[in-house]
Each structure stands twice: as structure tokens, then as C-alpha cells.
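Just below is one structure, and these are the notes that go with it.
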Amino acid sequence: TPKVVHIRSKKVGVTSRLVQGCILAYIVGYAIIYEKGYQQFDSVMSAVTTKVKGIAYTNFTDEELVGVPQEAKHLYRRIWDEADYVVPPQQTNAFFVT
């Protein structure tokens with residue numbers, strides 16, 4: 001059962017309401033209106049992570065590899081495993097939701 005306590009001192013009641021009013025005035029007057037707390041913006045920082053499976057095969061023709069040095073052309077004609085084309089997250093102090 002709830003218990004109710006009545007304090008008959010007007011001084012304590014006025015002091016309590018004054019403290020509550022000061023807190024409410026600070027929140028509404030300063031934090032919201034003066035500092036425009038309702039208009040704060042932040043830059044978007046996000047990333048998308050997908051799960052990949054399987055392999056991929058790349059087979060470029062010589063016409064598509066114009067400008068690529070001959071000793072590097074074998075890198076463009078190969079079989080890719082998921083470990084080859086998945087890049088781990090590079091952010092520090094980040095929170096990841098999976």
C-alpha cells in the first residue's frame with residue numbers, strides 16, 4: 001500500500017517548487033531556446049557491411065588493360081576468394097551492430 005506524507009511547512013513547499021521551477025526554466029529557457037538545442041546537427045558517419053560467400057573470376061582482355069604494366073596483368077586475370085575481396089572495418093573506437 002502506498003504511504004503519503006504531508007509536510008505542512010509552507011517554507012519547504014515553496015523552496016521545493018522554486019527548485020523545480022529553476023530546473024524547468026534552465027531546460028526550456030537556456031538549453032532549448034537560447035542554445036537552440038533542438039536545432040543541433042551532426043555529420044553522418046556510417047558504413048554498410050555485407051556478408052559475402054563464394055569466389056569470383058576476373059578475366060580482362062588486353063584491350064581493357066591498356067596502360068597496365070605487363071608484369072601486373074596477371075593480377076587482373078585471377079580467381080578471387082572471399083578473403084581477397086573482403087576488407088575489414090578500418091574505424092577505431094567504433095560501435096558495430098550486426
Side-chain angles (χ1 to χ4, degrees):
T1 60
K3 306 261 181 190
V4 178
V5 176
H6 289 281
I7 299 174
R8 297 187 189 275
S9 172
K10 289 185 179 185
K11 191 179 205 182
V12 173
V14 169
T15 304
S16 172
R17 293 297 180 191
L18 186 63
V19 169
Q20 289 174 351
C22 289
I23 292 170
L24 185 63
Y26 168 77
I27 292 171
V28 172
Y30 180 75
I32 294 178
I33 295 174
Y34 182 73
E35 290 290 321
K36 297 189 191 286
Y38 60 93
Q39 292 182 346
Q40 290 182 346
F41 294 96
D42 198 9
S43 62
V44 177
M45 295 175 59
S46 67
V48 176
T49 304
T50 58
K51 190 172 194 174
V52 293
K53 293 182 180 181
I55 61 171
Y57 176 67
T58 54
N59 187 17
F60 291 98
T61 62
D62 287 331
E63 292 82 26
E64 293 172 315
L65 297 177
V66 173
V68 176
Q70 187 64 34
E71 61 273 1
K73 287 188 179 183
H74 72 281
L75 297 173
Y76 292 88
R77 297 183 182 117
R78 58 182 257 190
I79 296 175
W80 297 73
D81 190 5
E82 60 189 51
D84 293 327
Y85 55 82
V86 172
V87 179
Q90 299 296 322
Q91 299 161 339
T92 56
N93 298 329
F95 178 69
F96 297 100
V97 178
T98 58

List the atom pairs, donor and acceptor, that lie under 3.5 Å between side-chain atoms in residues 73-80 and the rest of the protein, sequence neighbours left out.
| residue | atom | partner | partner atom | Å |
| --- | --- | --- | --- | --- |
| His74 | ND1 | Glu71 | O | 3.0 |
| Arg77 | NE | Phe60 | O | 2.8 |
| Arg77 | NH2 | Phe60 | O | 3.2 |
| Arg77 | NH2 | Asp62 | OD1 | 2.6 |
| Arg78 | NH2 | Asp84 | OD2 | 3.3 |
| Trp80 | NE1 | Thr58 | OG1 | 3.0 |

Check your understanding: Should His6 and Val4 be marked as a side chain to side chain contact (heavy atoms under 4.5 Å, CB included) after you check the CA-CA gap, both sets of side-chain angles, and the distance that decides it?
Key -> CA-CA 7 Å; His6 289 281; Val4 178; 3.8 Å; yes
Practice item. Only counting residues at least two apart or in another chain, list the ones meeting ring pair (Phe, Tyr, Trp, His ring centres under 6.0 Å) with Tyr57. Key: none
Exercise for review: Might you point out which heavy atoms bring Glu82 and Lys53 nearest each other, and give the distance in Å?
Suggested key: OE1-CA, 3.5 Å
Donor-acceptor pairs under 3.5 angstrom involving side-chain atoms of residues 11-29: please list them, not counting sequence neighbours.
| residue | atom | partner | partner atom | Å |
| --- | --- | --- | --- | --- |
| Thr15 | OG1 | Lys11 | O | 2.7 |
| Arg17 | NH1 | Gln20 | OE1 | 2.9 |

